[in-house]
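Take a look at the structure below.
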Number of protein chains: 2
Amino acid sequence: MALRHAVLAALLDGEHSGYQLAKVFDTAVANFWHAVPQQLYAELTKLEEAGLIAGRLVIQHDRPNKRVYTVTEAGTAELERFASVASKPSFIRDDLLVKVQAVDHIDPAPVIAELEERAVQAAAKAGIFEQLLLFLRQDVDEDTFLREGRRIGPYLTCLRGVLFEHEHQDWCRNTAKLLRSRLDTTPHDHVPGQAH
Amino acid sequence: MALRHAVLAALLDGEHSGYQLAKVFDTAVANFWHAVPQQLYAELTKLEEAGLIAGRLVIQHDRPNKRVYTVTEAGTAELERFASVASKPSFIRDDLLVKVQAVDHIDPAPVIAELEERAVQAAAKAGIFEQLLLFLRQDVDEDTFLREGRRIGPYLTCLRGVLFEHEHQDWCRNTAKLLRSRLDTTPHDHVPGQAH
DNA sequence: CAGACCATGTAAAACGTTACATGATTCG
DNA sequence: CGAATCATGTAACGTTTTACATGGTCTG
């Protein structure tokens, strides 16, 4: 059980439909969890069956009807229980780093290109997170908000996201630059044309 | 196919048995991939069937015999092909961040404790990675090694690991400190005893 | 009326985790 | 001789990904 708690935590900020939740998982929750809509719909059904969330049909006239969910008391209790037992350290999984690991044995050109693309993407994601931070704290400055704000959980995780994306951007940019500078000077094992 | 390429990349540095590979996946590869021994043994069998690695039985007298593997030309070609197509951005998955996201609605005490524990673990991991960096570049200084070294892939990914762990440590420490400082001053929604 | 977005799923395949199982060899 | 480490798996179970499928409503 894992996605379960991510969904519960995401629902704490108010009613959401599966579709809305999918959007949230693409932005605010994207820092620490990834899930496709199909997973979310399935999980919402299971969570409602378990009584951890309550669903309610919303009739819309301008759009298709939707079903929105709220966390129940049992749901909060489940989050409480989840938080009280230590989880194993997070794990990372990045194809790009596999490529960098192998870079001395293969053609570095596509790896460099992907590193540069990732640096741009990371900057864009950092920008989105920074917008979200501004939105979350409204007009208040960060220190005051963190000291006195009522809902700082999402702010703190978003702050983590900004740090991560900045660092990722730096590393990608530096690594790409380094590999590029070695292109002319240092020969490598790779024999172009050997691959198919 | 994903673990497949991580295994190939890890085998580029020389012959390894499944057991040795499991150790490598617990240290050097741990930055960007996680796998338990059972997965590795299964993957090695599949990779050998596919002709991407070649196995060889090593008779040992002081220890049980083992089977060691090397990447074949077809294996390098497969890595080459893998590196030439862009992969989707990495994903993160961290239970602790789910807990922080929910922290305004639950008892923050266990979350703070886990953040502090994680900060210590991150520092330890950073230390291990830094040792590995020293080992990889031997007596050479970093700039020279990165400019002229023959095998910089593992160094670059390890560098990424160090940055990540330091940043993670900072964020965990700061977040724990902040939540701790709010314990007395700011009341929260959580009603102790409501959870079971 | 086509394309974009809203809204929700089913089904199969691939992948990952957990529990269990076995046996060799060394060190204290 | 018990514990630690080396060495390699099988089987069951749970989760995630991919492909497919459907239909409403609005905007240009």
Side-chain angles (χ1 to χ4, degrees), chain A residues 1-8 15-27 29-30 32-50 53 55-69 82 85 87-95 98, chain B residues 1-8 15-27 29-30 32-50 53 55-69 82 85 87-95 98:
Chain A
M1 304 289 170
L3 172 59
R4 148 162 297 192
H5 301 108
V7 170
L8 283 172
E15 283 187 333
H16 288 286
S17 66
Y19 190 85
Q20 290 173 305
L21 208 52
K23 302 265 165 185
V24 175
F25 267 75
D26 267 348
T27 56
V29 178
F32 54 92
W33 213 273
H34 172 258
V36 292
Q38 294 96 311
Q39 270 178 285
L40 297 175
Y41 287 115
E43 198 63 45
L44 286 169
T45 306
K46 278 192 259 170
L47 280 166
E48 192 175 17
E49 277 168 10
I53 59 175
R56 178 173 77 83
L57 185 68
V58 175
I59 309 287
Q60 296 185 120
H61 301 288
D62 50 337
R63 289 171 192 186
N65 297 337
K66 63 182 179 183
R67 193 166 176 77
V68 296
Y69 300 91
F82 168 68
V85 299
S87 16
K88 57 188 74 158
S90 62
F91 70 86
I92 314 150
R93 189 160 293 191
D94 195 340
D95 279 354
V98 175
Chain B
M1 301 291 167
L3 171 60
R4 151 162 294 193
H5 300 108
V7 171
L8 282 173
E15 283 186 332
H16 285 98
S17 67
Y19 190 84
Q20 291 173 303
L21 210 52
K23 301 266 166 183
V24 175
F25 267 75
D26 267 349
T27 55
V29 178
F32 54 93
W33 213 274
H34 172 257
V36 293
Q38 293 96 309
Q39 272 177 284
L40 297 175
Y41 286 116
E43 198 63 45
L44 287 169
T45 305
K46 278 192 259 171
L47 280 167
E48 192 176 17
E49 276 168 12
I53 59 174
R56 178 172 78 82
L57 185 70
V58 174
I59 310 286
Q60 295 184 120
H61 301 288
D62 49 339
R63 288 169 193 188
N65 297 338
K66 65 183 177 183
R67 193 165 177 78
V68 296
Y69 300 90
F82 169 67
V85 299
S87 16
K88 57 188 75 158
S90 62
F91 70 86
I92 313 149
R93 187 163 296 193
D94 196 339
D95 279 354
V98 174

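Excluded from the calculations below are hydrogen atoms, water molecules and symmetry mates; all remaining heavy atoms, backbone and side chain alike, are included. Proteins get letters first, then strands, A, B, ... in listed order; numbering begins at 1 in each. None of these values were measured; they are calculated from a predicted model.
In the helix from C/dC1-D/dG28 to C/dG28-D/dC1, the end axes, each obtained as the rotation axis mapping the C1' atoms of four pairs onto the next four within a five-pair block, lie 30° apart to the nearest 10 degrees.
Nucleic acid contact for B/Gln38: base, since at least one base atom lies under 4.0 Å from a heavy atom of the residue. At the heavy-atom level, A/Arg93 lies under 4.0 Å from the strands shown only through sugar-phosphate atoms. Within the 4.0 angstrom heavy-atom criterion, only backbone atoms of the sugar-phosphate kind lie near B/Lys23; the bases stay farther away. Using a 4.0 Å heavy-atom distance criterion, B/Thr45 is classed as making no nucleic acid contact.
Candidate nucleotides D/dT16, C/dT26, D/dC6 were compared by shortest atom distance to the side chain of A/Trp33, and D/dT16 ranks first. Comparing atom distances between the B/Lys66 side chain and each of D/dA7, D/dT17, C/dC6 picks out D/dA7 as nearest. For B/Arg67, counting side-chain heavy atoms from C-beta on, the closest listed nucleotide (C/dT8, C/dT18, D/dT8) is D/dT8. Nearest to the side-chain atoms of A/Pro64 among the listed nucleotides C/dT8, D/dG24, D/dA7 stands D/dG24.
Listed by chain and number, the residues in a ring-ring contact (aromatic ring centres under 6.0 Å, His included) with A/Tyr41 amount to none (sequence neighbours excluded).
Each of B/Gly18 and A/His34 lies near DNA chain D, and the nucleotide nearest B/Gly18 is the one positioned closer to the 5' end.
In this structure, B/Tyr41 places its OH atom 17 Å from P of D/dA11, rounding to the nearest Å. If you take CD of A/Gln39 and P of D/dT18, they are 10 Å apart, rounded to a whole angstrom.
In this pair, B/Phe91 and A/Phe91 present their aromatic rings perpendicular. The plane angle is above 60°, beyond the 30 to 60° band.
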